[in-house]
Structure formats: structure tokens, C-alpha cells
**Student:** 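Below you will find the structure I want to go over with you.
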Amino acid sequence: QSQELSQVQIDYHAALQALVEDGTRMVCTGRMHTDRVCRFESLCYSTEAEEFVYFHSNSSVMLPNLGSRRFQPALLDLSSVEDHNTQYFNFVELPAAALKFMPKPVFVPDVALIANRFNPDNLMHVFHDDLLPIYYTMQQFSDLDVETRLFFMEGWSEGVHFDLYKLLSNKQPLLREQLKTLGRLLCFTKSYVGLSKITTWYQYGFVQPQGPKANILVSGNEIRQFTKFMMQKLNVSLEESSSEEYIVVFSRTINRLILNEAELILALAQEFQMKTITVSLEEHSFSDIVRLISNASMLVSMHGAQLVMSLFLPRGATVVELFPYAINPEHYTPYKTLATLPGMDLQYIAWQNTDREDTVTYPDRPWDQGGIAHLDKAEQERIIKSTEVPRHLCCRNPEWLFRAYQDTKVNIPSLIHVIRQTVKSKPGPKRQKWSGSLYPGKVRDAKCQASVQGTSEAKLAVSWQIPWNLKYLKVREVKYEVWIQEQGENTYMPYILSHQNHTFSENIKPFTIYLVWIRCIFNKNLLGPFADVLLCST
Ligand code: UDP
């Protein structure tokens, strides 16, 4: 990986002339600043002003052209965290003629992806906010390939996980600070600005208490495509149905400790008759952790960012998340949400310490490590007496931090009991079982035939053909749902049927028009689309 901008020869005078004549061109996807990603030609950046610059000329394009709505509040989010006011992107505008009076532009020949990392020191944030969104933004735009240059504009230094960001393309990512060394006015030949949010599953509680995102769009399949890519880059091979099954305890060594870790490991090994190992970010290389987790049957860890590594667990494995005293597991669910994404095929178990005797608090530490000594006495006492942290907003709630940074002596019988409620026999990856779920198409050639008996009775014979895709599928159970609705009424009679025809006589009146809605259902819960409504007159 080369630190310098690639040595692709560009004809400087031609590039400068094109910039002056054509100006900047921008076309974006997305309707709102929160779902927008923009493609630019000749977007510039002044390292002195620390501003992006859009040059107007006769050929420049700006779509969307929002006028001053571009500042209400911004053109787009530069990180994948929705509508965070420290992460907005915008540019200032100049006529291309102003270039005459400006520093000579330095052209960036690489295709650039320009974005903000949200919190590069926290592993959960690294994967959820940055790596997955960057990976899938690059999948979305074919210009963004292995030769893409990533530009991180949030202003942080590399951070402890920078090696992970380097895996996403062949070129060394550049940080905002480094741009100064390249020149006073940088012009990106071709660039994309912003990140797709399509893979994110969690909101951190900036405007409402934290929780799963309202409309999750990612499934285990896409998560595992990403982890497969990462494992290839890390040179970790998936050991096929490898010999021994084992449990991984992912420990923290600085804070939020498990105080009886040795006892815990022995107990897990004994209960499940499996080898049990510990890993930590401090004592193992990232590749080693991925290698161990990707073949584990169970991952046990305190609540915390290291649990995002369950991304790498094999299907069928179990995640056990331990919560310190007074922290309600239901209120902090980034890892539960991940483990229970459709198609992740992980079992998730939460255990909480409910015994005050088993917790160790640190009231005298600095506030950001959970200390509360800076609060007034009454507030300190209230917090110490409280048995549950009330729901709160991110990120500096002292009661939350106080409880989050407790150490815990895990009550072993209670933990084993909770795990055993879910894991009946041996935990472990279920190999080979393809659990992808495919939906039925519309039923075809629906027909109805009415018959009237006398003045008060009628029958409706309805038939249809199987959905077109069914003949290529092996489906355990195929059912049909039929709704019969009298025209003009709001209610309908629903039926679940096993065959492709049925004669309805209940509540069918003569000389009436009925609307008949039919859809196919695979395996009880895979609902297909309704076919075009069938009009039947008795
Ligand atoms: N961390 C760690 N060991 C520790 C404490 C923290 O590896 O003993 C890591 C943790 O996984 C995360 C980062 O340091 O990537 C920041 O941890 P913090 O407690 O601030 O965040 P949390 O884990 O609660 O999200």
C-alpha cells in the first residue's frame, strides 16, 4: 500500500483546463439529507479553509439543486449515524473563474470515497458505523473498487483499529490532517461523498433512548458476505466442520471485569463438556480472535463493544451477554439485535447480575469511567440506592456510566440456569443447513364460477394455479390464503386452504359481487403477494 497518491500520470494542464471550463458536477441519490450519497466530478477541498468547494461554470451540474435548503440542516450525513449534527457535509460555492486567484489545485487521481468515521476507538462503532457501511457503499457504486482511496474527514487520528479500515481497499486511507501535506487546494477527479445506511441496525440514543433502528434492512446473509470478505483479507480460513467444539469467553481486562473468570471457565467447560478458552483485545491479535470466534459454539462476554465480534460466529452458535447490576438487558440491545437479525441464525441469551453483593462499583473514578464523586451528595445517594438505571439518552448519563463500569462476580448457577433454558443439549454450529427463505410468487390464472340456488343461496367455486416459482423449489408446506370480500364492504372472510380450488357457500348471497383475494404461503410464515383481485358475481 502506498502512502502517496498514485502515480497515475495526469496531464496537469488538461485537468486544470477541464476544471475551469466544466466546473464541478454532482448527482446524488436519496431524497433527504439522511439517505443521500453524492457522486462528484471535480469536487475540491481547501485545506486552509477546511471546506469543500463547488466550482460553478457553464457545464456544472448540481442535483439535487436545493437552494438554501442545502443548509437545512445539510446536504447529507457524512457518517452512517443518522442526522448527527457533528457529521454534516456541505460545500461552499465559487465561480470557476475564481480559480485564477486561488492556490494551484492538486488533483487526486484516485476515485475517492469521502466519509466520516463515527467513533474509531470503539469496535462496535468501527464495524457498525464504518466498516459495514463503507463495504456496502462500495458495492453500490461500481466506480468504487479495490483501487478506491478512502478519505476520513472526521478529524481523528488513525485509532487502534486502523488496520481494519485498510482492508477495504488497496490504497492507504487518508485522514483529514494528512490532506494539508498534499496541497492547499485539492481537487478530487471523481469522488463519492457519504455512506449508505442500509446495513445499520442500531440507533445510539441521541434523540430517543437507544434501541434497534425502526426499519432494519439488513439480514444475516449480507452480514456474512462482509465477514467472509474480511476473513479473506485477514487470511483467516474457515475450517470446515473442524475437529473440536469449544466455547470462547471474550474478556475485558481494563474495566467491566468478570471477577471470577477462572471459575466461570471451569463451570462452562464442565456443564457443556467443551473446551473453554478466553480471548481479549489486549492479549490476542485481531486475526486470532476472528479465527477462534469463527469456529466457536458459544461466545460469552460482558456487555460491551467486543461483542460485535459475534458477526464472525458460525450459524447456530450461541451468544451469551452478561449485564452488570442494575442494567436492564432489554434497554441495551445492539448485540441482541445483531444476533437476532433474520438469517444470522444465532441464539441469543442475556444474563444480568441481580445481586448487589456480587457487584463492585467505582464511585471515585473519573466521570467517563463511571465515577460519580463530582455529583452532589443527594444525587450520589440516589444512584447508589437505585436498582435499575432508568432509560436515558446517550452518552454521558452518570448513572448509566456508573453501572456500566461495575465489575461483576458472575453467579454461576444462575448463569448456567439461564443458558440451559435455551441451550438444551450441546451448543454448537449447525453445519450445512441452508436456512435461506424464499417467498412465493403470485398464484396464476385465478378463476371463479358462481351458481345460484333459489333466492337465498349461492356458491362460489374459485380455482387457481400454483405460483410460477414453486415448480423449481422444494417447499415443506404450501398453503393458500383466500379472502372473500363483498363489494363495498370493509370486512372480508379469510380462509387458509391446502388445495388450488375451493367452493365457498357460507355467507355467499345471490346477485352480489364479491372480490376474491388469493395469495400463496410457504412454510407457515412466508407470505407471498396477492394476485390481481378477482371479481365474481353470483
Ligand atoms: N475495551 C477492551 N477492554 C477493556 C475495556 C474496553 O478491549 O477492558 C475496548 C472495547 O471493546 C471498545 C473500546 O475498548 O472497543 C471502548 O470501550 P468502552 O468501555 O468505552 O465502550 P463499550 O465497550 O461500552 O462500547
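Counting starts at 1 for both ligands and their atoms, in listed order. All residue numbers in this chain count up from 1 along the given sequence.
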**Student:** Identify which one of Leu186, Val108, Leu185, Val106 satisfies the side chain to side chain contact (heavy atoms under 4.5 Å, CB included) criterion when paired with Cys44.
**Tutor:** Leu185

**Student:** Among Ser301, Gly370, Ala305, which one has a heavy atom closest to atom 12 (C) of ligand 1?
**Tutor:** Ala305

**Student:** Counting only heavy atoms, which portion of Leu257 has something under 4.0 Å from ligand 1: side chain, backbone, both, or neither?
**Tutor:** neither

**Student:** Pairing donors with acceptors under 3.5 angstrom, does anything connect the side chains of Tyr325 and Asp358?
**Tutor:**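 Not at all, the side chains of Tyr325 and Asp358 share no donor-acceptor pair under 3.5 Å.
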
**Student:** Give the contacting part of Arg256 toward ligand 1: side chain, backbone, both or neither, where contact means a heavy-atom distance below 4.0 Å.
**Tutor:**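 It is the side chain that gets close, since no backbone atom is under 4.0 Å.
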
**Student:** Checking a contact table here: which protein heavy atom is nearest atom 13 (C) of ligand 1, and how many Å away?
**Tutor:** Asp121 O, 3.6 Å

**Student:** Is it true that the NZ or CZ of Arg176 lies under 6.0 Å from the centre of Phe151's six-membered ring and within 45 degrees of the ring axis?
**Tutor:** no

**Student:** Please verify whether a non-hydrogen atom of Met124 lies at under 4.0 Å from ligand 1.
**Tutor:**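 The answer is no, since Met124 has no heavy atom less than 4.0 Å from ligand 1.
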
**Student:** Under the 6.0 Å and 45° cation-pi test, does Arg149 pair with Phe188?
**Tutor:**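 No; the conditions do not both hold, so Arg149 does not lie above the ring face of Phe188.
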
**Student:** Distance alone, cut at 3.5 Å: any donor-acceptor contact between the side chains of Asp77 and Gln87?
**Tutor:**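 No, Gln87 and Asp77 have no side-chain donor paired with an acceptor closer than 3.5 Å.
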
**Student:** Quick test: of every protein heavy atom, which one is nearest to atom 25 (O) of ligand 1, and how far off is it to 0.1 Å?
**Tutor:** Asn122 ND2, 2.9 Å

**Student:** Met344 and side chain to side chain contact (heavy atoms under 4.5 Å, CB included): which partner among Val319, Val218, Ile223?
**Tutor:**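 With Met344 as partner, side chain to side chain contact (heavy atoms under 4.5 Å, CB included) holds for just one option, Ile223.
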
**Student:** Nearest protein heavy-atom contact for atom 19 (O) of ligand 1: which residue, which atom, what distance?
**Tutor:** Arg252 NH2, 2.6 Å

**Student:** For Asn255, counting its heavy atoms only, list the atoms of ligand 1 lying under 4.0 Å from any of them.
**Tutor:**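 Listed by number with element, the hits are 5 (C), 8 (O).
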
**Student:** For Tyr54 together with Phe91, are the ring centres under 6.0 Å from each other?
**Tutor:**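 Under 6.0 Å, so yes.
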
**Student:** Can you tell me the protein heavy atom closest to atom 9 (C) of ligand 1 and the distance?
**Tutor:**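 Ranking protein heavy atoms by distance from atom 9 (C) of ligand 1, first comes Leu281 CD1, 4.2 Å.
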
**Student:** Looking at atom 18 (P) of ligand 1, what's its closest protein heavy atom, distance included?
**Tutor:**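 For this ligand atom, the closest protein heavy atom is Tyr405 OH, 3.4 Å.
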
**Student:** Aromatic rings Phe118 and Tyr204: how do their planes relate, parallel, tilted or perpendicular, breaks at 30° and 60°?
**Tutor:** parallel

**Student:** Search all heavy atoms of Arg39 against all heavy atoms of Lys190 and return the closest pair with its distance.
**Tutor:**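 Taking Arg39 first and Lys190 second, the nearest heavy atoms are NH2-CE, 3.3 Å.
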
**Student:** Parallel, tilted or perpendicular, judged at 30° and 60°: which one describes the rings of Phe229 and Tyr135?
**Tutor:**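 Phe229 and Tyr135: tilted rings.
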
**Student:** For atom 8 (O) of ligand 1, what is the closest protein heavy atom, and at what distance to 0.1 Å?
**Tutor:** Ile254 N, 2.6 Å

**Student:** For the 3.5 Å polar cut-off, considering only N or O atoms, please tell me whether Thr253 and ligand 1 meet it.
**Tutor:**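 Yes - when backbone and side-chain N and O of Thr253 are compared with those of ligand 1, one distance drops under 3.5 Å.
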
**Student:** Measure the distance from atom 3 (N) of ligand 1 to every protein heavy atom, then report the residue, atom name and distance (to 0.1 Å) of the closest one.
**Tutor:** Glu282 OE2, 2.7 Å

**Student:** To which protein heavy atom is atom 15 (O) of ligand 1 closest, and what is the distance rounded to 0.1 Å?
**Tutor:** Leu123 N, 3.0 Å

**Student:** Could you list which atoms of ligand 1 come closer than 4.0 Å to a heavy atom of Gly304?
**Tutor:**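 Those qualifying, in numeric order: 23 (O).
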
